[in-house]
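By convention in this document, chain letters (A, B, ...) are assigned in the order of the sequence lines, proteins followed by strands, and residues within each chain are numbered from 1. Just so it is clear, the model here is predicted, and its values are computed rather than measured. Values reported hereafter were calculated over all heavy atoms of this structure, with side chains retained and with hydrogens, waters and symmetry mates removed.
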Amino acid sequence: MSSDTTAVRYAGIDIGSRTIKLVVVDGTGAVLETFQADTGFDPMTTATALIAKVSFDKIMATGYGRNLFELSFDAPTVTEIKAHARGAWTEFPDARTVLDIGGQDSKAIALFDTGKVKKFEMNDRCAAGTGKFLEIMAATLGFDLEDFGAQALAAEKDLLISSMCTVFAESEVTSLIARGEDRKEIARGLHTSVIRRAAGMINRVSSDGPIVFTGGVAKNPCMVQLLAGKLDREIRIPSDPQLAGAYGAALLAAEAGA
Amino acid sequence: MTTDYTSMWQELGLDLAGHDALLNVLGTAYTDIYLSQKNRPEGMGYFDFVMSEVHGLRIKELMDEKAAGRKIIGSYCVFVPEEIVLAANATLVGLCSGADFAMEKVEQLLPRNTCALIKSSFGFKIGRVCPYLESADMIVGENTCDGKKKAYETLGALVDNLYVMDLPQTKTDQTRDLLKAEYMKFKTAVEELTGVTITAESLKAAIDVVNAKRAAIHRLSALRKADPAPISGLDALLANQVFFYDNPARFTESVNKICDELETRIQEKTGAFPAGAPRILVSGCPQAVPNWKLHMIVETAGAVIVGEESCVGERGTRNLTADTGTTVDEMMDAIVDRYFEVDCAIFTPNPQRLDHIQEMVTAYNAQGVIHYGLQFCQPYLMESIPVEKALEEKNIPCLRVETDYGMEDAGQLKTRVEAFIEQLR
Ligand code: SF4
Ligand code: SF4
């Protein structure tokens, strides 16, 4: 291993329910490489294939699959909460609030000035208010997930969706379609309901200042716009919001390895 | 192999197949959670034995007591005074149940949104798998939370020996009188059941026995203040759980023996966890055997639990009963005074609990508090929010957990607990 800090390579791997993300940084925290793959049915095989593509000196794992990874590769782990916090704070050092909406969970995190986690809230066991919820609803409405936000944005108004439970919301949506309601408006209503919940979580951890929005759902333009409108706070999106967790883990690997 | 207790279980009317299944689950859980721990005090061997014989030898002892004419009284709450029971030459056992059983049948009798504790107590009855319950000559219910209050109405139809005690929900002179009246009534009921009249002498002796048991637990708790913690939270929780059904004198002796060992460990700086491990106080709903879920998740993540602000823990054992009375009435007053201090969330308002949580944080040098709420437990879930707020104002991190006995949320809970521990490091 070289003593030159820029030559040492630190990796962070975020094993999520939908995708696995890998980021490699140097000793200064500069991003060298990034990779992403669908988790599939066998996360460890996907993870093994991903890390075979890159060279690194140290790796840190995060995401729901972190413990499996720890067992297979004897690597240190960090929770998604700390990893996202670190990734978001490094890119936006003045931010004290992070919202992460991933495939299977969502969380709001308040930070100290030092970037340390002060308090967090996480959705409970069901998929309500997560990427999974949006995915299922997009499918029910017949939209592509990538296009779901843009379609919702194009709606003239919100249709109120009262249930947050995925199962109930799905039947609510089905009956709205049957009633001949506009699909875009239904889509917007669904986005609004996810935002209502996210805003509630944020308000429980922090009341002002900019919010860094991470996770795959931050790529959805309708979510970003509705969140900004609902909270009247500035929303910042990392260069690749989905990589924030893996990036944070890589930075933490560098910190631990230094 | 140990003794075969099948015929005893059969006599008690247990459902043998269901009971076997329960014992299997219990045994596996105990091996996985308890025996896998590292650096345990040797004295925990006593509790390993107790747990391996929890439905065996201990029940045999109770059956022998019954054969000799002694009565067994089962209770679901720390408000049932053991002093009165012992003074009438009877034995008190805790019936609080910490595992799901026969849930489909339970949900025919109770709404789904009933706390796991109440559902479990019904499951054990309907499933006929709890030898303590089946051996009891009297089952004492108490009007505490709405869930329990109403559940006892239904339980009354399932058993023929239910005695329901009323309890106040506020703390004033009048409600203290009410508690006194209820305890006097209970005393009469126990005397009628046993045919034994409680005397100043027997009551004094009973107070001493129960106080000794509490004092032993106080001693154990105080030793948990050390860093490194000489005993895991799981092991200390187990001692607090066994408190409810072991023979009191033997329990006291065994806990004191462990304490001797822990004192040596502290001197030698031997810990169940390394020095500097994050220290957590758990506060909230009671954790009855075999509910070890939260402690297991916390301690496998590398933090150590240093105290339980819970009825299976310090809320239940906090004060001794004053032993200065000379007449039965004076001693009954002392008992009432002692129990009236219990700061259960069914009381309104309940500021003492918050004070105690903060005192415990300081005393045990805890860096954070996990508030343990059983899903659908209104009293504790309601209190968890002001508790969290008050702690945060003092910069004491608090994690509010709402869960049940199932394992479906274990992964999510683990992530939250691990993130909380990261916060404390
Ligand atoms: S929490 Fe309240 S109702 Fe439950 S055992 Fe304790 S004192 Fe009794
Ligand atoms: S845990 Fe809560 S709801 Fe359940 S019996 Fe105790 S006080 Fe009642």
B:Arg416: which of A:Met122, A:Lys107, A:Glu121 passes side-chain contact (heavy atoms from CB on, under 4.5 Å): A:Met122

Part of A:Asp105 lying under 4.5 Å from any heavy atom of chain B: neither

Heavy atoms of other groups near A:Arg18 CZ, more than 12 under 6.0 Å: no

Atom CD of B:Gln37 with >12 non-hydrogen neighbours under 6.0 angstrom: yes

A:Lys116 side chain to B:Gln423 backbone, donor-acceptor under 3.5 Å: yes

A:Arg66 vs B:Glu418, salt bridge (Lys or Arg N to Asp or Glu O under 4.0 Å): CA-CA, chis, key distance, verdict: CA-CA 12 Å; A:Arg66 67 187 182 284; B:Glu418 284 181 9; 2.7 Å; yes

Presence of salt bridge, A:Arg86 and B:Glu422, under 4.0 angstrom: no

Atom NZ of B:Lys414: over 12 foreign heavy atoms under 6.0 Å: yes

Minimum side-chain heavy-atom gap A:Ile81-B:Phe420 below 4.5 Å: no

A:Asp74, CG atom: more than 12 neighbouring heavy atoms under 6.0 Å: no

Atom CG of A:Asp42: over 12 foreign heavy atoms under 6.0 Å: yes

From CA spacing to verdict: salt bridge (Lys or Arg N to Asp or Glu O under 4.0 Å), B:Glu388, A:Lys119: CA-CA 11 Å; B:Glu388 177 187 47; A:Lys119 185 179 162 76; 2.9 Å; yes

Residue part contacting chain A, namely of B:Leu399, when any heavy atom lies under 4.5 Å: side chain

